[in-house]
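Report on the structure given below.
Positions are given from 1, in the same order as the sequence printed here.
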Amino acid sequence: ALNYRLSGYHEYIQNILEQKKARVDTPQIKLSKREEEVLFLLICGSTQEQIASILEVKRETVASIIRNQLRVKFALPVSSTKLVIETALS
């Protein structure tokens with residue numbers, strides 16, 4: 001059921017990252033499947049609690065993915081959900 005609910009997220013995230021790469025000559029950011037799921041749900045406006053419920057993990061796991069994985073991959077100086085979303089979409 002989870003795969004059905006999130007169908008199309010991979011293509012959506014890859015499209016965002018490709019557009020970002022085309023605008024700025026930067027290396028393509030490689031995200032794991034879980035990172036893509038979290039980022040997609042963040043972009044869709046889901047809270048960390050909602051994402052945790054959808055992905056059937058703890059909220060702390062979602063926060064950790066944002067803080068320790070997405071923030072690092074997007075080279076952000078601070079851990080901010082809003083900043084992760086803005087950076088991914090810019």
* Asked: Please walk me through it: do Q50 and L41 pass side chain to side chain contact (heavy atoms under 4.5 Å, CB included)?
  -> CA-CA 9 Å; Q50 291 168 331; L41 292 167; over 6 Å; no
Could you state the interatomic distance from [atom1] ([X]) to [atom2] ([Y]), rounded to the nearest 0.5 Å?
X	Y	atom1	atom2	result
I85	L42	CD1	CG	4.5 Å
E37	L39	CD	CG	11.0 Å
T61	R34	OG1	CZ	8.5 Å
I51	E56	CD1	CD	14.5 Å
E60	R67	CD	CZ	9.5 Å

* Grab the two heavy atoms, one from V62 and one from V38, that are nearest each other, plus how far apart they are. => CG1-CG1, 4.2 Å
* To do: Report the residues that fulfil side chain to side chain contact (heavy atoms under 4.5 Å, CB included) with E35, sequence neighbours left out, ordered by chain and then residue number.
  => L31, S32, I65, Q69, L70, K73
* Asked: Taking NZ, NE, NH1 and NH2 as the nitrogens, is one of them in E36 or K33 under 4.0 Å from a carboxylate oxygen of the other?
  -> no
* To do: Could you tell me whether the side chain of R71 reaches within less than 4.5 Å of the side chain of V78, counting heavy atoms only?
  => no
